[in-house]
**Student:** 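For reference, the structure I am asking about is given below.
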Amino acid sequence: MRQGYEGTGPGAITPDGCAVELYARLSARDEPDIIAAELPKGARLLELGSGVGRMTHPLLERGFTVTAVDESAEMLERVRGARTICGPIEELDLGETFDAVLLASFLVHAGDVEVRRGLLRTCGRHVADGGCVLIQREGADYHTNLPRERVDPGGYTVRMLSAQPLGDGVNSVHAEYVFPDATWTQTFLARPLTKGQFEEALAEAGLKVDRYLTEDGTWVRAVKG
């Protein structure tokens, strides 16, 4: 387990505190539709941090070709129909480019600045000229509107319980996922980013915002700068 990360609940837990069985149960919500709306028909997509395929499978169903990357072999065992690559995202260099690169699940908010830089460099390295990088950001009140909870139509409750400052702009975030038959928790490190800080981070990796895709600014289309 990475320092500052922890997970509890049934089944295997990855080094960043994610429970494999939990993520196999979570629904994709509207994310695949947001992503699909930005991709040309039949696009080749590199999905960074795919996990068990929560978004991979809906994107495959929409006719896209997906290469799914995750550092957890146990997560990737759940992925069906996609090419899978197991390894650290920030070190990935496939020697090929894609119509789009997907960096979802708030990975851009990695607590370690060097990890974030590596993630964004991987995005820039793998996006084709004329292609795009689709990034999911935290909401503006993600670390302040706490505690909060959401009851999913799938029959489970997601609770974001706390975000404790650790210094240097990093928070320790604690979440709980409650199902009728099981409960999981996850503690992880996250670095809130203002819009300006986010755009500066993109610029470091040779990327720039093309446009914000949602009213709350949580989904972004970036292109080579």
Side-chain angles (χ1 to χ4, degrees), residues 14 16-20 22-39 43-62 64-72 75-76 78-79 81-90 92 98-111 115-127 131-140 142 150 152 158 160 173 175 177 186 188-193 198 201-202 205 207 209-223:
T14 64
D16 59 356
C18 294
V20 176
L22 165 63
Y23 277 81
R25 296 186 181 200
L26 296 181
S27 56
R29 305 177 69 194
D30 61 350
E31 291 114 328
D33 291 332
I34 293 171
I35 296 163
E38 297 302 315
L39 302 180
R44 295 179 66 247
L45 174 64
L46 177 65
E47 183 185 5
L48 302 176
S50 65
V52 297
R54 185 174 62 92
M55 286 187 277
T56 316
H57 298 136
L59 291 167
L60 289 168
E61 290 169 1
R62 287 161 172 78
F64 303 112
T65 300
V66 182
T67 295
V69 180
D70 202 275
E71 68 175 1
S72 168
M75 287 281 194
L76 289 175
R78 306 290 186 104
V79 175
R83 169 193 182 194
T84 59
I85 296 173
C86 186
I89 298 169
E90 58 269 31
L92 187 71
F98 298 79
D99 300 313
V101 179
L102 175 61
L103 187 68
S105 302
F106 311 130
L107 290 177
V108 74
H109 292 273
V115 169
R116 182 192 70 206
R117 287 171 174 155
L119 296 175
L120 290 174
R121 283 195 296 265
T122 294
C123 292
R125 197 159 47 235
H126 291 90
V127 65
C132 66
V133 180
L134 301 175
I135 303 171
Q136 185 181 27
R137 301 173 61 225
E138 295 174 345
Y142 187 87
R150 173 179 63 82
D152 192 270
V158 180
M160 304 304 297
V173 181
Y177 301 82
Q186 184 179 5
F188 56 94
L189 304 184
R191 181 181 295 273
L193 297 172
F198 169 70
L202 291 185
L207 299 169
V209 172
D210 179 47
R211 65 181 183 277
Y212 289 87
L213 304 177
T214 53
E215 287 187 10
D216 60 6
T218 56
W219 279 95
V220 183
R221 176 189 172 98
V223 295

**Student:** What pairs with A175 under side chain to side chain contact (heavy atoms under 4.5 Å, CB included), at least two apart in sequence or on another chain?
**Tutor:**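 With sequence neighbours excluded, A175 shows a side chain to side chain contact (heavy atoms under 4.5 Å, CB included) to M160, Y177, given in chain and number order.
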**Student:** Can you tell me how far SG of C123 sits from CG of L207, rounded to the nearest 0.5 angstrom?
**Tutor:**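 It is 7.0 Å, given to the nearest 0.5 Å.
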**Student:** If you define the side chain from C-beta out and look only at heavy atoms, does anything of V79 sit under 4.5 Å from H57?
**Tutor:**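 Counting from C-beta outward, V79 and H57 do come under 4.5 Å.
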**Student:** Could you list the residues that satisfy salt bridge (charged side-chain N to carboxylate O under 4.0 Å, His left out) with R78, not counting sequence neighbours?
**Tutor:**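 Result, salt bridge (charged side-chain N to carboxylate O under 4.0 Å, His left out) vs R78: E21.
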**Student:** Which heavy atom of L59 sits nearest a heavy atom of P32, and at what distance?
**Tutor:**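 Heavy atoms of L59 and P32 come nearest at CD2-O, 4.0 Å.
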**Student:** For R211, which residues count as a side chain to side chain contact (heavy atoms under 4.5 Å, CB included) partner, sequence neighbours excluded?
**Tutor:**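 With neighbours one apart ignored, the set is E38, L213, R221.
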**Student:** I'd like to check the ring-ring contact (aromatic ring centres under 6.0 Å, His included) partners of F198; sequence neighbours left out, ordered by chain and number.
**Tutor:**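 So F198 forms no ring-ring contact (aromatic ring centres under 6.0 Å, His included) with any residue.
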**Student:** R191: which residues meet the side chain to side chain contact (heavy atoms under 4.5 Å, CB included) condition with it, sequence neighbours left out?
**Tutor:**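 In terms of side chain to side chain contact (heavy atoms under 4.5 Å, CB included), with neighbours along the sequence ignored, R191 is linked to V113, R116, D168, V170, L193.
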**Student:** Going by ring-ring contact (aromatic ring centres under 6.0 Å, His included), name the residues that satisfy it together with F98, two or more places apart in sequence or in a different chain.
**Tutor:**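 Counting only residues at least two positions away or on another chain, F98 forms no ring-ring contact (aromatic ring centres under 6.0 Å, His included).
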**Student:** Does any part of the side chain of C132, heavy atoms only, come nearer than 4.5 Å to the side chain of D210, both counted from C-beta?
**Tutor:**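 No; the side chains remain at least 4.5 Å from each other.
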**Student:** Salt bridge (charged side-chain N to carboxylate O under 4.0 Å, His left out) with D33: which residues, sequence neighbours excluded?
**Tutor:**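 With sequence neighbours excluded, D33 shows a salt bridge (charged side-chain N to carboxylate O under 4.0 Å, His left out) to R62, given in chain and number order.
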**Student:** Okay, side chain of R54, backbone of L26: is any donor-acceptor separation there less than 3.5 Å?
**Tutor:**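 No.
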**Student:** With E71, which residues qualify under salt bridge (charged side-chain N to carboxylate O under 4.0 Å, His left out), at least two apart?
**Tutor:**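 Checked E71 against salt bridge (charged side-chain N to carboxylate O under 4.0 Å, His left out); matches are R2.
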**Student:** Do L120 and L202 have side chains that approach each other closer than 4.5 Å (heavy atoms only, starting at C-beta)?
**Tutor:**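 Side chain of L120 against side chain of L202, heavy atoms only: contact under 4.5 Å found.
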**Student:** Considering residues at least two apart in sequence or located in another chain, which fulfil the side chain to side chain donor-acceptor pair (under 3.5 Å) criterion with T218?
**Tutor:**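 Only T214, D216 meet the side chain to side chain donor-acceptor pair (under 3.5 Å) criterion with T218.
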**Student:** Output all residues satisfying salt bridge (charged side-chain N to carboxylate O under 4.0 Å, His left out) with R29, sequence neighbours left out; order by chain, then residue number.
**Tutor:**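 Testing R29 for salt bridge (charged side-chain N to carboxylate O under 4.0 Å, His left out), a comparison that skips the adjacent residues, returns none.
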**Student:** Stepwise, does the side-chain contact (heavy atoms from CB on, under 4.5 Å) test hold for T67 with I85?
**Tutor:** CA-CA 7 Å; T67 295; I85 296 173; 3.8 Å; yes
**Student:** Within the 4.5 Å heavy-atom criterion, are D99 and L39 side-chain neighbours or not?
**Tutor:**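 Result no, sub-4.5 Å side-chain heavy-atom pair not found.
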**Student:** Any chance you could measure E47, atom CD, to D70, atom CG, to the nearest 0.5 Å?
**Tutor:**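 Between atom CD of E47 and atom CG of D70 there are 9.0 Å.
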**Student:** Report all side-chain donor-acceptor pairs from residues 100-107 shorter than 3.5 Å, counting only partners two or more places apart or in another chain.
**Tutor:**
none

**Student:** Could you pull out all residues at least two apart from T14 that satisfy side chain to side chain contact (heavy atoms under 4.5 Å, CB included)?
**Tutor:**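 Counting only residues at least two positions away or on another chain, T14 forms a side chain to side chain contact (heavy atoms under 4.5 Å, CB included) with D16, C18, V20, S72, M75.
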**Student:** Mind checking whether L92 and L46 have side chains closer than 4.5 Å, heavy atoms only?
**Tutor:**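 The answer is yes; the side chains approach within 4.5 Å.
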**Student:** Which heavy-atom pair separates G53 from P58 by the least distance, and what is that distance?
**Tutor:**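 Minimum heavy-atom contact is O-CD, 4.0 Å.
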**Student:** Starting at OH of Y212, measure out to CD1 of I135 and round the result to the nearest 0.5 Å.
**Tutor:**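 Going from OH on Y212 over to CD1 on I135, the span is 9.5 Å.
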